[in-house]
Amino acid sequence: MSLFKVFDIAGTAMSAQTLRLNTTASNLANADSVSSSIDQTYRARQPVFATLLDEFNPEAPVGGVQVLGVVESGAPLQQEYAPDHPMADEAGYIFHPNVNSIEEMANMISASRNYQNNVEMANTSKQLLLRTLQLGE
């Protein structure tokens, strides 16, 4: 394994955590939205990751994170009886998203810390490579 592949691995991890932060921000931004139908109500989204690992193919990445996609949460939406609300349906109900703000804040902190760890790993690897080059002087 080349020492330079560390940067590829850290790069895929940072890209994955950036997507995770973006989906968390989207979820938090829509947490207080309401709608008059179940079909139009915002649903929380979560990214799905997979490990990149192919030891038998030297051309393929040795490790890292692959983003498989973003999926909507299957948790039930919150229904509220509010007949005076301007967005209430014919039965007087409004619908809130299935976003849990506490879970989203925990996701945001976790993604931020993971991103920071990958930056530190890349910086440490860079310093080690530079010191290795200085051994020949």
Side-chain angles (χ1 to χ4, degrees):
M1 178 175 145
S2 169
L3 291 175
F4 295 106
K5 294 220 183 220
V6 171
F7 299 109
D8 294 336
I9 294 168
T12 62
M14 287 188 285
S15 294
Q17 295 308 321
T18 299
L19 175 67
R20 188 172 166 203
L21 281 169
N22 286 336
T23 55
T24 299
S26 176
N27 290 341
L28 286 171
N30 289 291
D32 293 328
S33 63
V34 295
S35 72
S36 58
S37 76
I38 291 176
D39 297 332
Q40 295 176 348
T41 306
Y42 180 85
R43 287 172 170 74
R45 292 170 172 83
Q46 300 297 329
V48 178
F49 303 128
T51 303
L52 285 175
L53 185 60
D54 191 356
E55 298 173 5
F56 303 109
N57 185 358
E59 300 299 319
V62 172
V65 180
Q66 177 184 13
V67 178
L68 296 179
V70 177
V71 296
E72 288 186 346
S73 172
L77 300 173
Q78 300 170 5
Q79 185 176 358
E80 177 185 349
Y81 183 69
D84 295 334
H85 195 282
M87 293 199 66
D89 64 4
E90 300 82 28
Y93 288 97
I94 58 172
F95 299 92
H96 297 276
N98 57 359
V99 175
N100 184 336
S101 297
I102 296 170
E103 285 180 13
E104 295 302 326
M105 292 300 291
N107 278 337
M108 183 174 56
I109 292 168
S110 176
S112 176
R113 296 271 167 84
N114 282 321
Y115 189 92
Q116 290 172 352
N117 288 338
N118 282 290
V119 168
E120 285 299 316
M121 183 192 55
N123 284 336
T124 301
S125 297
K126 182 180 86 173
Q127 290 173 357
L128 289 172
L129 285 171
L130 288 173
R131 292 205 178 162
T132 303
L133 290 173
Q134 291 173 350
L135 287 175
E137 292 179 356

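These numbers come from the heavy atoms of this one structure, side chains and all, not from hydrogens, waters or symmetry mates.
- Sparse packing is recorded around CG of Asp32, with 12 or fewer heavy atoms of other residues, nucleotides or ligands lying under 6.0 Å away.
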Which donor-acceptor pairs under 3.5 Å do the side chains of residues 83-91 make with protein atoms, sequence neighbours left out?
from	atom 1	to	atom 2	distance (Å)
His85	ND1	Met87	N	3.0
Asp89	OD1	Ala91	N	3.1
Asp89	OD1	Gly92	N	3.0
Asp89	OD1	Tyr93	N	2.7

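- Here the side chains of Asn30 and Val99 are not in contact, with every heavy-atom distance at 4.5 Å or above.
- The two atoms that bring Arg45 and Thr23 nearest to each other are O-CB, 4.2 Å, heavy atoms only.
- Between Gln78 and Thr41, the closest side-chain pair of non-hydrogen atoms is not below 4.5 Å.
- With Val48 as the partner, the side chain to side chain contact (heavy atoms under 4.5 Å, CB included) test is satisfied by one option alone out of Val70, Val67, Val71: Val71.
- With a 4.5 Å cut-off on side-chain heavy atoms, Ile38 and Gln79 do not count as touching.
- Here the closest non-hydrogen pair linking Gln46 and Asn107 is OE1-ND2, 3.6 Å.
- The shortest non-hydrogen separation linking Asn98 to Arg43 is OD1-CA, 3.4 Å.
- The heavy-atom pair separating Ala122 from Phe7 by the smallest distance is O-CE2, 3.4 Å.
- No side-chain donor-acceptor contact under 3.5 Å links Ser112 to the backbone of Met108.
- Residues Val6 and Ser125 share a closest heavy-atom pair of CG1-OG, 3.2 Å.
- Judged purely by atom type and a 3.5 angstrom limit, Thr18 uses its side chain to pair as donor or acceptor with the backbone of Met14.
- Shown here for Leu52 and Val65, the closest heavy-atom pair between the two residues is CD1-O, 4.0 Å.
- Distance alone, capped at 3.5 Å, is enough to place a donor-acceptor pair between the Thr12 side chain and the Ile9 backbone.
- Donor-acceptor pairing under 3.5 Å is recorded for the side chains of Arg20 and Gln17.
- The distance from the CD1 atom of Ile109 to the CG atom of Asn114 is 12.0 Å, given to the nearest 0.5 Å.
- Side-chain contact between Ser26 and Asn22 is absent, with no heavy-atom pair separated by less than 4.5 Å.
- Other residues, nucleotides and ligands contribute more than 12 heavy atoms inside 6.0 Å of the CG atom of Leu133.
- We find the CE-CG distance between Met105 and Asn100 to be 11.5 Å, quoted to the nearest 0.5 Å.
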